[in-house]
Protein chains: 2
Amino acid sequence: MNIGDVAHRAGLPAKTIRYYEDIGLVKPLRSQNGYRRFRDSDLHKLSFLGRARSLGFSIEDCRTLMALYEDHSRASADVKRIARQNLAKIEEKIAELQAMHDTLSHLVKKCHGDDRPDCPILTDLAKAHG
Amino acid sequence: MNIGDVAHRAGLPAKTIRYYEDIGLVKPLRSQNGYRRFRDSDLHKLSFLGRARSLGFSIEDCRTLMALYEDHSRASADVKRIARQNLAKIEEKIAELQAMHDTLSHLVKKCHGDDRPDCPILTDLAKAHG
DNA sequence: CTTGACCTTCCAGTTAATGGAATCCTTATC
DNA sequence: GATAAGGATTCCATTAACTGGAAGGTCAAG
């Protein structure tokens, strides 16, 4: 699979994918003509990367996760520990999003929706994240 | 409240807060001595900003939300629409995190946890995000 | 009245991309 | 076979969002 193809499928710009190769997050093969050739596993990694980055995971977090893909000689206990740590992070993020969601949906309910100013969203939004 | 105080409470570095003032996300007052003076509303905004940024919302997203705080003359219908759009984004993010969580927790279960290599995490992780 | 913690501005550097130029490869059409 | 379009390559510059550090002002405690 060429870069345009994998970019389309993973939902990432080709530029970003080249950058990820630069910093060692993916290591596509090369065809005779010099084109990058991406395997399915590369596509999976890139999709995962795109998702993780858009959810606020750092490149270093991603690097750790990518290492799980790559280092098949890593001890299972280690893999498990890393996976667990990331589960905790995910749960925390979900909780935070849930809090944001609760606040906003509560406010949408209270907001009149007409063209009057002075929507209660403003004051409540201010209180909500103290 | 001075910058160190608000930084501590909002969980953001003072540097970042100064940067957010630079780009107009917060507008703290100034004391006689030139120190920034943050109101409670500034603290709320900054906490919200920190959270939103760590969850992958862009600065522009944040700017829109901050505008809700600020522009009290904005029509309620408009406020409501913006809040709704962000609710949708939040829900999408939660779903994506849930997917990541399911994958990882499933794999933790399957991973032996001893020191043997060849943990099934690796292959499953590869399949999971196709 | 000085020491230390905290504040200021300014300028430089980093991270994570992104944009653009110049060039090469592949495929379809004349 | 020439040519033009579409996608690939590298390399260099720029942007966005911070981050670090220097040089100096402010303030409460001893």
Side-chain angles (χ1 to χ4, degrees), chain A residues 1-40 42-43 45-67 69 86 89 93 96, chain B residues 1-40 42-43 45-67 86 89 93 96 100:
Chain A
M1 185 178 351
N2 283 347
I3 200 167
D5 198 358
V6 83
H8 177 75
R9 297 202 212 178
L12 285 174
K15 278 257 159 171
T16 302
I17 295 174
R18 291 197 192 96
Y19 173 70
Y20 286 165
E21 186 189 14
D22 272 6
I23 63 173
L25 284 178
V26 282
K27 305 194 202 313
L29 307 171
R30 292 286 176 147
S31 305
Q32 240 95 11
N33 60 14
Y35 285 18
R36 289 168 184 82
R37 209 180 71 233
F38 295 86
R39 289 148 294 188
D40 277 4
D42 294 316
L43 171 58
K45 282 193 195 181
L46 288 167
S47 304
F48 187 91
L49 274 169
R51 176 167 288 186
R53 291 293 293 129
S54 83
L55 291 165
F57 286 91
S58 72
I59 290 284
E60 281 319 299
D61 289 336
C62 293
R63 202 181 289 284
T64 306
L65 267 328
M66 290 306 105
Y69 279 85
N86 281 277
K89 276 195 195 178
K93 278 175 189 290
E96 290 187 49
Chain B
M1 198 181 334
N2 283 347
I3 199 167
D5 199 359
V6 82
H8 177 76
R9 298 203 209 178
L12 285 173
K15 279 258 159 169
T16 302
I17 295 174
R18 291 196 193 97
Y19 174 70
Y20 286 166
E21 186 189 14
D22 273 5
I23 63 172
L25 283 178
V26 282
K27 306 195 200 314
L29 306 172
R30 292 287 175 145
S31 304
Q32 239 96 11
N33 59 14
Y35 286 17
R36 288 168 184 81
R37 210 180 71 234
F38 295 86
R39 290 148 293 188
D40 276 4
D42 293 316
L43 170 58
K45 281 193 194 181
L46 288 167
S47 305
F48 188 90
L49 274 169
R51 175 166 288 186
R53 291 292 293 128
S54 84
L55 292 165
F57 286 90
S58 72
I59 291 282
E60 280 319 301
D61 289 335
C62 294
R63 203 182 289 281
T64 306
L65 266 330
M66 290 305 104
N86 282 278
K89 276 195 195 178
K93 278 175 188 292
E96 289 186 50
M100 283 179 69

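None of the values given here were measured: they were computed from a predicted structure. Naming: A, B, ... by sequence-line order, numbering from 1 per chain.
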side-chain hydrogen bond (donor to acceptor under 3.5 Å, both in side chains) involving [X] - partner list, sequence neighbours excluded:
| X | result |
| --- | --- |
| A:Arg18 | none |
| B:Arg39 | B:Asp42 |
| B:Arg53 | none |

Which part of the nucleic acid does [X] contact within heavy-atom distance under 4.0 Å: base, sugar-phosphate only, or nothing?
| X | answer |
| --- | --- |
| B:Ile3 | sugar-phosphate |
| A:Arg18 | base |
| A:Arg30 | sugar-phosphate |

Starting at atom [atom1] of [X], determine the distance to atom [atom2] of [N], rounded to an integer number of angstrom.
| X | N | atom1 | atom2 | value |
| --- | --- | --- | --- | --- |
| B:Arg37 | C:dC6 | CZ | P | 20 Å |
| A:Gln32 | D:dT9 | CD | P | 15 Å |
| A:Asn2 | C:dC24 | CG | P | 19 Å |
| A:Glu21 | C:dA17 | CD | P | 15 Å |
| B:Asp5 | D:dT26 | CG | C1' | 17 Å |
| A:Ile17 | C:dA16 | CD1 | P | 17 Å |
| A:Leu29 | D:dA8 | CG | P | 16 Å |

* To do: Apply side-chain contact (heavy atoms from CB on, under 4.5 Å) to B:Ile59 and B:Tyr20, showing your working.
  => CA-CA 10 Å; B:Ile59 291 282; B:Tyr20 286 166; 3.9 Å; yes
(Q) Could you measure the distance from the CD1 atom of B:Ile3 to the OG1 atom of B:Thr16? Nearest 0.5 Å is fine. (A)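 The OG1 atom of B:Thr16 is 9.5 Å from CD1 of B:Ile3, to the nearest 0.5 Å.
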Name the pairs: protein N/O against N/O of nucleotides 13-16 of chain D, kept only if under 3.5 Å.
none

Residue pair [X] / [Y], side-chain heavy-atom distance below 4.5 Å:
| X | Y | value |
| --- | --- | --- |
| B:Met100 | A:Asn86 | no |
| A:Arg51 | A:Phe57 | no |
| B:Leu46 | B:Phe38 | yes |

For a quick test of reading the model: is some side-chain N or O of [X] closer than 4.0 Å to OP1 or OP2 of [N]?
| X | N | answer |
| --- | --- | --- |
| A:Arg36 | D:dT9 | yes |
| B:Thr16 | D:dA17 | no |
| B:Arg53 | D:dA17 | no |

Nearest-neighbour nucleotide for the [X] side chain, [options] considered:
| X | options | result |
| --- | --- | --- |
| A:Asn33 | C:dA16, C:dC25, C:dC10 | C:dC25 |
| A:Tyr35 | D:dC18, C:dT9, D:dA8 | D:dA8 |
| A:Lys15 | D:dA8, D:dT9, D:dC11 | D:dC11 |

- Query: Listed in order of residue number, which residues of residues 6-14 of chain A have a non-hydrogen atom at under 4.0 Å from DNA chain D?
  - Reply: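 Those residues: none at all.
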*Go through the structure and list residues passing side-chain contact (heavy atoms from CB on, under 4.5 Å) with A:Asp5, not counting sequence neighbours.*
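Per chain and number, A:Asp5 pairs via side-chain contact (heavy atoms from CB on, under 4.5 Å) with A:Met1, A:Arg9.
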Q.
Test of understanding: with side-chain contact (heavy atoms from CB on, under 4.5 Å), list the residues that count as partners of B:Glu60, not counting sequence neighbours.
A.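 For B:Glu60 the side-chain contact (heavy atoms from CB on, under 4.5 Å) partners, ignoring immediate neighbours, are B:Ser58, B:Arg63.
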